[in-house]
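This report concerns only the one structure given below.
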Amino acid sequence: MAVLDSELFAENPERDPRFGVRDIWSEMANFSPKDPEATGEFLHRQMNEEINGLEISARNLTDFPGAEWDLRMAIARQCWDEARHIEMFRRCFEKRGIRVGQYPVMNFQYRILTRIDSLIGRLTVQNRSFEAAGIDAIQEAILESSAKAGETDLAELFDGQLADEVQHVRYANVWVDRMKRREGSRALLDLARAVSAANRALRIVAGESITAHPIAEDLRREAGFTDEEIEAARALLPTR
Ligand SMILES: [Fe+2]
Ligand SMILES: [Fe+2]
């Protein structure tokens with residue numbers, strides 16, 4: 001097992017003994033996309049990512065009790081959405097004969113996020129970065145799964161999930177903007193520190209295997225990104 005730098009990574013969240021928890025991407029199952037087990041492993045891994053989403057949002061409520069009520073309500077709604085997503089993914093893989101714990105899982109999102117000590121930093125890294133990238137990935141997955149016979153349950157799952165994830169990115173965009181205007185340079189500094197730490201941590205977890213999906217431009221606009229931000233995200237994609 002890899003030992004991760006405690007400056008960049010907090011402790012793992014609790015998992016019951018059914019789960020085999022790994023630290024970095026190369027320790028995961030890593031099936032090739034054509035492998036018959038690939039879809040099941042993806043759904044199982046994604047369920048655990050949604051658990052991470054719920055756990056991070058819940059920690060945002062307990063770690064920042066002084067945040068504005070409206071922001072806390074938006075975070076609480078996110079907890080509810082992520083809880084539904086967990087069950088949706090579980091239903092889809094159990095239908096395919098896979099059981100909870102069948103494949104290893106990784107809690108890098110929780111470990112990176114709960115090491116960040118500002119709410120503006122967490123909303124920027126989780127919602128505006130990880131979840132915005134998630135929107136691009138879901139958009140691509142919808143197109144792929146709706147083209148495949150027998151996977152209409154997945155097309156429905158992604159469709160329902162997408163609307164929620166757009167909302168998670170959107171409320172973060174609104175509140176990050178407000179915090180920047182209200183707190184000025186302190187907010188900017190917190191934000192920059194969080195992004196830089198998360199980038200370093202992500203490189204340790206993923207190595208060379210960070211996958212980028214085409215930018216879902218309309219959805220990102222709907223989620224409150226400006227044209228410049230969408231362009232900047234596109235510029236970061238590896239050239240294919
Ligand atoms: Fe989710
Ligand atoms: Fe989400």
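A quick note: this is a predicted structure, and the numbers were derived from the prediction, not measured. The figures here come from the full heavy-atom set of this structure, side chains too, leaving out hydrogens, waters and symmetry mates. The first residue of the sequence shown is numbered 1, and numbering continues consecutively from there. Note that ligands are numbered from 1 as they come in the structure, with each ligand's atoms numbered from 1 the same way.
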Carboxylate-amine/guanidinium proximity below 4.0 Å for Arg178 and Glu68 = no
Name the orientation class of the two ring planes belonging to His85 and His168 (parallel below 30°, tilted from 30 to 60°, perpendicular beyond 60°).
-> tilted
Using a cut-off of 2.8 Å, find all protein N, O or S atoms closer to the Fe ion (ligand 1) than that distance.
-> Glu50 OE1, Glu82 OE1, His85 ND1, Glu165 OE2
Applying salt bridge (charged side-chain N to carboxylate O under 4.0 Å, His left out) to Arg15 and not counting sequence neighbours gives Glu55
Arg186 atom CZ, over 12 foreign heavy atoms within 6.0 Å | no
Supply the atom-to-atom distance Phe93 CZ to Gln46 CD, rounded to the nearest 0.5 angstrom.
-> 11.5 Å
Arg220 and Glu229 ion-paired at < 4.0 Å | no
